[in-house]
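What you see is a predicted model; the values in this text were computed from it and never measured.
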Amino acid sequence: FLPPSRGRDNCRSEGWPVSTMAAAVAPSPAAAEQLLASWRVVEAVRTLRKWSIEGPPTNPRAAAGAVASELDIYVEEQQQEASELQALRALASESARRAEALEAEASEARAELERRDDEERRLLTRLTVSMATRSAILQVGARHLQMEVEEGASRLEATRLEVERRDAQLQVQQHELTSLKQQHSALCLQVRESIPPVSVMCRVRPSESYGAKAPANDQGGLVADSQEITVEDPSGRSRKFRMDRILDGGVSQEEVLGVAAPWVESFTRGGTACVLAYGATGSGKTYTLQGSDGCGTGPAEQRVLGLSHHALRRIIDGPGGGAVRLSILEVYCDQIRDLLALPQEGSPPALQCSRRDAQGRMVLEEVEVEVDSFAKAEEVLQRGYAARATDATLCNERSSRSHIVLTARSTTSDGQLVLVDLAGSENVHKSGADEGGKLLTEAKAINKSLSALADVVEAIAKRQAFVPYRNSRLTMLLEEILGQAKILLFVHVSPFGVDAPVTSHSLTFAGRVRSVDFGAQMLRKDQEQRLKSEHTRSMDANRRLESMIDQLRKELADLHKEKKEQKQQMAQLSEQLREQQREVTKEKELRSRLEAAGRGAESRGACADAGSGGAAGCGGSAVVPGQKPRTAPPTGVRRRVPTPHPGLNRPLRDTPRESPFAASIPAAAPAAPTAAPDAALEAAPAPAA
């Protein structure tokens, strides 16, 4: 609140602070209200004092009312301020209580802080002691770790030296292994080369394997050593047969694989090998190739794997092995059936044998399954062997009624391994198939196919020009294999004397096969076929050359004829050209003559006109009335003056003399002598193009 007499300038002159001046100039709303109330009271007091000095105003009631209203307003404001002050005092007391509570809380907080400070100091002391202890422990551990690192470095150095030493040993061993592999390859090659084209081995079935079916009081009819076997029949007669090797009944399946190992190893070297199992029914052929349970339905501990299982394990999982493609075919009742294809009407589908390639080989569309592990190959074998045709006979509870051909082809080379399980030749009276029906049909088909195989062997042994491969589906299927593979024949025989005739028959067939070189026969056939094909190719080439020569001769004759025609055309064109040249020459001469005649006629007409009325004479230049004056020739152009004819020396007549060439040109109008040459030229025939 500033009195009216003290303004801003007075405040500034008295040295008031700027903040005070700002407050005086621009008070807050509350200060402004308080200032207004105080001003009203002051005004009311001034008014009363003025009345006490000057007396009441003219209208004292209104003035008193105004002063009273201002005082009432002031009183109300004072009461309001008193109530606000009381509220402020209550608020102040409440604030004091809160301040006391806060002070108490602050005291408690200070006490808590002091307690925590004490705890922190104690914790810091403990941590310092712990850190010192741990530092000492870490220093000790670091020293131990450094010692261990040094020991590890020394051990690492020793290990490095040991590794280098072992690397050197490994390199030496690898070099030795490479050398051994080379030696093994060389030995395998030597073994492969040393294997004869056809080898025959005899395997005798153990007598204890027959069980209750073994004949009573049979002392046996076989006497065998390493390469010779003697068969003695019940009558006492004996026959000797020589084999490459004889396997008695105590030979296991693994030993059979060891015997057949060279043929199996030839597969890994890209060669072709064929293993055949031959013998009478019940002699153990299927056991050799397929094992005790070829279908794979028996317990694993009771199963005995066959040669096919061991061979596939060697060529797939063994050294140098890999993935192979497997196919299993069956020759049943002179039909070739695919055992790996989906069955049709409960039996394997039959394959067509009518297709052949350019070399005359039979082409079959069999199913081939590619396997890269022995487990997968075993599954394929189980599936194929389970689909084979079998039946029970008096000789065998599970007799094979078909021939099985298992083929394994390498996916990386030309290696091929063929395992053939031939159905056994059987006596229909002993097997019980003579009663007719399905068994008799199967027995006839089996014996017929085996007879066809024997005929093929005999034809090759006698070096006949024709080999009857097409007499049976079995020989048709084995034609290519017998001609290019190393053959191993396992002939299976019975040890009992009662089976001596069948044993002799089987060994006789084996002896015939042993004396035959299928490869040499096929080599001769290949040579003959090559010679025939070369002769055929040379004949075809000669025919092609002759046809080419004939064609060239025809073309040469056509060229001569065309050349002659072109010469004739050239002669005709030359004659036509000469004729045209003659016509052009004649035309030129005619034109020159016409020009000379025209100039002579013109000169004669001019002389005649000059002699009749002009003083200039023949050489004058008088102009004839009605005729254009002649102009002199251009400068530099010499005009040819014709030589006068001797007859022209006579006196000129009124009419010009007829030109000696008038007969050869059309008549021209005599009125215009100068136009005669042009008219004659227009009337002359145009020269030929």
Does any donor atom in the side chain of Tyr287 or Gln253 lie under 3.5 Å from an acceptor atom in the other side chain?
no
Should we count CD of Gln352 as having more than 12 external heavy atoms under 6.0 Å?
no
Test log, rule side chain to side chain contact (heavy atoms under 4.5 Å, CB included), inputs Leu276 and Leu422
CA-CA 7 Å; Leu276 297 97; Leu422 297 173; 4.3 Å; yes
Glu119 CD: over 12 foreign heavy atoms closer than 6.0 Å
yes
Looking just at side-chain N and O atoms, do Ser130 and Thr133 make a donor-acceptor pair shorter than 3.5 Å?
no
Asp338 side chain to Val367 backbone, donor-acceptor under 3.5 Å:
yes
How would you list, by chain and number, every residue that makes a ring-ring contact (aromatic ring centres under 6.0 Å, His included) with Phe267, sequence neighbours excluded?
none
Heavy-atom nearest pair, Lys285 first then Ala277, reads CD-O, 3.7 Å
I would like to know whether Arg313 and Glu378 meet salt bridge (charged side-chain N to carboxylate O under 4.0 Å, His left out); could you show each step before the answer?
CA-CA 9 Å; Arg313 176 180 290 170; Glu378 192 174 14; 5.8 Å; no
Salt bridge Asp248-Arg203, side-chain N to carboxylate O under 4.0 Å:
no
Side chains of Ser400 and Thr390: is there a donor and an acceptor less than 3.5 Å apart?
no
Would you say that Val420 contacts Leu478 through its side chain, given a criterion of any heavy-atom pair below 4.5 Å between the two side chains?
yes
Evaluate Arg383 against Glu379 for salt bridge (charged side-chain N to carboxylate O under 4.0 Å, His left out), listing each step before the verdict.
CA-CA 6 Å; Arg383 186 177 67 179; Glu379 293 178 359; over 6 Å; no
Check Pro343 against Pro349 and note the closest heavy-atom contact, atom names and distance.
CA-CD, 4.3 Å
Atom pair OG1 (Thr268) and CZ (Arg314), whose distance is rounded to the nearest 0.5 Å
5.0 Å
For residues Glu255 and Gly250, report the shortest heavy-atom separation together with the two atoms involved.
OE1-O, 4.1 Å
Under a plain distance cut-off of 3.5 Å, with no hydrogens placed, do Thr159 and Arg155 share a side-chain donor-acceptor pair?
no
Should we count CG of Leu342 as having more than 12 external heavy atoms under 6.0 Å?
no
Test Tyr332 against every option in Arg337, Arg401, Glu442 by the side-chain hydrogen bond (donor to acceptor under 3.5 Å, both in side chains) rule and name the one that passes.
Glu442
Roughly how far apart are Leu419 CG and Leu307 CG, rounded to 0.5 Å?
6.0 Å
Quick one: closest heavy-atom pair of Pro348 and Ala387, and the distance?
CG-O, 4.0 Å
So for atom CZ, which belongs to Arg160, do other residues, nucleotides or ligands contribute more than 12 heavy atoms lying within a distance under 6.0 Å?
yes
Under a 3.5 Å threshold, yes or no: a donor from one side chain and an acceptor from the other, between Arg110 and Ser107?
yes
Output yes when a side-chain donor or acceptor of Arg122 lies under 3.5 Å from a complementary backbone atom of Asp117, and no otherwise.
no
Whether the side chain of Ser413 engages the backbone of Ser410 through a donor-acceptor N/O pair (distance < 3.5 Å, no angle test) should be reported.
no
Can you tell if the side chain of Leu326 reaches within under 4.5 Å of the side chain of Val371, non-hydrogen atoms only?
yes
So do Ser402 and Glu330 actually touch side chain to side chain, heavy atoms under 4.5 Å?
yes
Could you give the distance from OG (Ser308) to CD (Gln290), rounded to the nearest 0.5 Å?
6.5 Å
Could you please spell out the steps behind the side chain to side chain contact (heavy atoms under 4.5 Å, CB included) verdict for Ser135 and Gln139?
CA-CA 6 Å; Ser135 177; Gln139 289 178 0; 3.6 Å; yes
Quick one: does Thr288's side chain have a donor or acceptor within less than 3.5 Å of a partner on Gly284's backbone?
yes
Considering all heavy atoms of both residues, which atom of Ala323 and which atom of Glu370 are nearest to each other, and what is their separation?
CB-OE2, 4.0 Å
Is any side-chain heavy atom of Val275 closer than 4.5 Å to one of Val418?
no
List the steps, then state whether side chain to side chain contact (heavy atoms under 4.5 Å, CB included) holds for Val405 with Ile328.
CA-CA 6 Å; Val405 180; Ile328 302 178; over 6 Å; no
Do Asp421 and Arg388 touch side chain to side chain, with heavy atoms closer than 4.5 Å?
yes
Determine whether Gln484 and Gln416 make a side-chain contact, defined as any pair of heavy atoms from C-beta on separated by less than 4.5 Å.
yes
Listed by chain and number, what are the side-chain hydrogen bond (donor to acceptor under 3.5 Å, both in side chains) partners of Gln169, not counting sequence neighbours?
none
Rounded to the nearest 0.5 angstrom, the CD1-CD1 distance for Ile487 and Ile481 is 9.0 Å
Report the distance from atom CG of Leu364 to atom CE of Met476, rounding to the nearest 0.5 Å.
8.5 Å
Qualifying salt bridge (charged side-chain N to carboxylate O under 4.0 Å, His left out) pairs with a residue from residues 316-327, counting only residues at least two apart or across chains:
Arg325-Glu368
Do Ser327 and Arg409 come close enough that some side-chain heavy atom pair is under 4.5 Å?
yes
If you round to the nearest 0.5 Å, how far is NE2 of His144 from CG of Leu138?
12.0 Å
Which heavy atom in Cys353 sits nearest to a heavy atom in Met362, and how many Å separate them?
CB-SD, 3.5 Å
Walk me through it: do Phe490 and Leu247 pass the test side chain to side chain contact (heavy atoms under 4.5 Å, CB included)?
CA-CA 10 Å; Phe490 281 107; Leu247 308 176; 3.9 Å; yes
Leu329 side chain reached by Ile404 side chain, heavy atoms, under 4.5 Å
no
